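Here the structure is a predicted model, which means the values were calculated and not measured. Just so it is clear: chains get the letters A, B, ... in the order the sequence lines come, proteins before strands, and each one is counted from 1.
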There are 2 protein chains.
Amino acid sequence: MAVTIKDVAKLANVAPSTVSRVIANNPRISEKTKQKVREAMDQLGYHPNFIARSLANQSTRVLGLVLPGSASTFSQNPFFPTVLRGLSEGAHEKQYALQMTTGQSEEEIFEGVVQMVQGGRVDGIILLYSKVEDKVMNYLKARSFPFVVVGKPYKYSEEITHVDNDNFRAAKEVTNYLLGLGHECIGFIGGNLNLVVTVERLLGYEKALRDAGHDLKDEYIIHEEFLREGGREAINELMQLGHPPTALVVADDLMALGVLNTLDEMDISVPEDISIISFNNVLLAEMSRPPLTSVDINIFNLGNEAAKSLIQKLENPNDPIKRIIIPHEIVKRASCSKREVDHKEETEA
Amino acid sequence: MAVTIKDVAKLANVAPSTVSRVIANNPRISEKTKQKVREAMDQLGYHPNFIARSLANQSTRVLGLVLPGSASTFSQNPFFPTVLRGLSEGAHEKQYALQMTTGQSEEEIFEGVVQMVQGGRVDGIILLYSKVEDKVMNYLKARSFPFVVVGKPYKYSEEITHVDNDNFRAAKEVTNYLLGLGHECIGFIGGNLNLVVTVERLLGYEKALRDAGHDLKDEYIIHEEFLREGGREAINELMQLGHPPTALVVADDLMALGVLNTLDEMDISVPEDISIISFNNVLLAEMSRPPLTSVDINIFNLGNEAAKSLIQKLENPNDPIKRIIIPHEIVKRASCSKREVDHKEETEA
DNA sequence: GTGAAAGCGCTAACAG
DNA sequence: CTGTTAGCGCTTTCAC
């Protein structure tokens, strides 16, 4: 059995409660006994037992993470290792530990969350995705269990602390950027429409086009999973069109990579024939050919702020609801170029 | 305050211990009282408190995960989301939860592990990397705290349960595959030599060449971080050689992607001018151009077996040490082709 | 400034 | 088959 507070107390000739106070650095303990106790702790190699402490305190100093269902390819996205690092650093700074749950089905995930929450395993929860009509979120909200979401909650977003990018604005910006390059036919390839982020990016794209006085063409908008095959089919359909787009807004780097390949197979070159801009700016964005112009959404900070704000909330229960917007930035690489007005149109003009 | 075992006991008119037994599904309780108790639990919405249970049992049913330092780009590898899924499923099946730690420096990671271990937060640990001379591993081993490693331990590999691929053999196989395609000048681009996996793959490569009667050329072997820039420099050096390789074994898909790009910039085509084979077969391997021939190491299973074997070990403390080898498989795509014997050599022969 | 004692919620002998 | 009791290791009143 490990060394306990009692062992320390005995060695230091004090009561267990005194040792406890020394651990908490209670100011009412004299420096002298503190010294004595600390020596005893060192000598015995004492480490406080978190479990016991949690039970006594009714608080675990553990944050629960909910990852999206493993079914979705989304979960294979290099996005996650990076949020995790951000989360981890944010949590460690304040001496919180991280526990995670995920599952194959929605039901499994939900069960996992219930275990964490009702089982008292965690003090708060961080949702690493935001879906339309999410059972988990509803549950947490109904119990008013402390949680924050990474992304924008589908509903009640003013009542839920969340950290997100302004995806709507970012999508508007990239679309405007493309418009500014002279493109008039701009397509959108998005991921799963159940994810709020997809919706936001789509809306931003549409807004930019409308503001610029362009019609929205349904044929230009394609939704698929964040996947290669998705990208492939989508792009095929698009390019069959009478008037295929000359630029594409793609909701995710990984998907853009798929698009890039299909285009290459079809002998369409980027950016000469078609420009592409995507989101997230993960490592592979700079490793693709051509390197992708991509919106850096600051994934690390997304995680980091999520951890911090949850902790803040835990230590300050009646803090107001917060919406934290992490800035984004378009990282220009080589996948976009000015629209070359083609011969036919030129003569028409 | 949440509903406790006592509340249930009161409502069901039994002793708390009886309720506890019902939870554990103790066979010595009559079906009748079990029914009664269960009803009371439902009625009150009772959920056992894991913390209290952990304290009483001296066991948390939590597995601790140690991720590699966030400093390394390795940690951005899409490898991780996939192991995590495997781990998670393995753990959930047996009702274990997952807690994770990581850090920026080796020291920080070490501290995190100590917290988990000495703080009694976890029952066992899974190391998600294997480094040469790892402080964490030494610590765990010295304390004989239950742990398994994903990868091959640098030392004492017969004394440590681990789940790994046979990377040595896999590397031999890919090298032989390349030899079989007629390549005689085969280079190796590896990652950080502190990682055991890099070493193993390098050794396998060397062995294959030696077995085939080829000399090892130091200039053909390059080590860099698993990174784009790494790939770029490495490939530049290689291709400057008088007799540049006609095939490359690359230790990681992500790195191979970088290599592919640099080659493209240099107007060297794959696989016509040079063949490339890499490891891991993550999603992007099939999305690169050309799609990469890559060794599928079955990442999901790596994680899954790791979780299972740790749990097995926890529930069966004097189980023997195990070495679990996850099978690999070369997935042939389009980055390798037969060596085209060039004109000059042909006339020379 | 420090000690004694109760209790966090659950489990596990030991009785009966 | 079920109840009683004593902890698990720590925190926290309440005394002194």
> B/Val19 near the nucleic acid: base, sugar-phosphate alone, or nothing, with a heavy-atom cut-off under 4.0 Å?
Replying inline: nothing
> Just checking A/Ser30: base, sugar-phosphate only, or nothing, at a heavy-atom cut-off of under 4.0 Å?
Replying inline: sugar-phosphate
> So, does the side chain of B/Thr33 form a donor-acceptor pair with the base of D/dT2 at under 3.5 Å?
Replying inline: no
> How close or far is atom P of D/dC8 from atom CG of B/Leu55, stated in whole angstroms?
Replying inline: 9 Å
>> I'd like to know if A/Arg21 reaches the base of D/dT11 with its side chain such that a donor and an acceptor end up less than 3.5 angstrom apart.
In response: no
> Could you walk me through whether A/Lys131 and A/Met137 pass the side-chain contact (heavy atoms from CB on, under 4.5 Å) check?
Replying inline: CA-CA 9 Å; A/Lys131 291 199 315 184; A/Met137 212 183 80; over 6 Å; no
>> Please compare B/Arg53 and B/Arg28 by the position of their nearest nucleotide in DNA chain C and report the one closer to 5'.
In response: B/Arg53
> Are the charged groups of A/Glu107 and A/Lys135 less than 4.0 angstrom apart, N to O?
Replying inline: yes
> Does D/dT11 have OP1 or OP2 sitting under 4.0 Å from an N or O in the side chain of A/Gln58?
Replying inline: no
>> Once you apply a heavy-atom cut-off of 4.0 Å, does B/Phe50 come out as touching a base, just sugar-phosphate, or nothing?
In response: nothing
> Between C/dG9 and B/Thr4, is there an OP1 or OP2 to side-chain N/O distance shorter than 4.0 Å?
Replying inline: no
> Separation of B/Gln35 atom CD from D/dC1 atom C1', in whole Å?
Replying inline: 16 Å
>> Can you tell me if B/Asn57 touches the phosphate of C/dG9, counting only side-chain N or O atoms and a distance under 4.0 Å to OP1 or OP2?
In response: no
>> For D/dT2 and B/Ser17 - does any side-chain N or O of the residue sit under 4.0 Å from the phosphate oxygens OP1/OP2?
In response: no
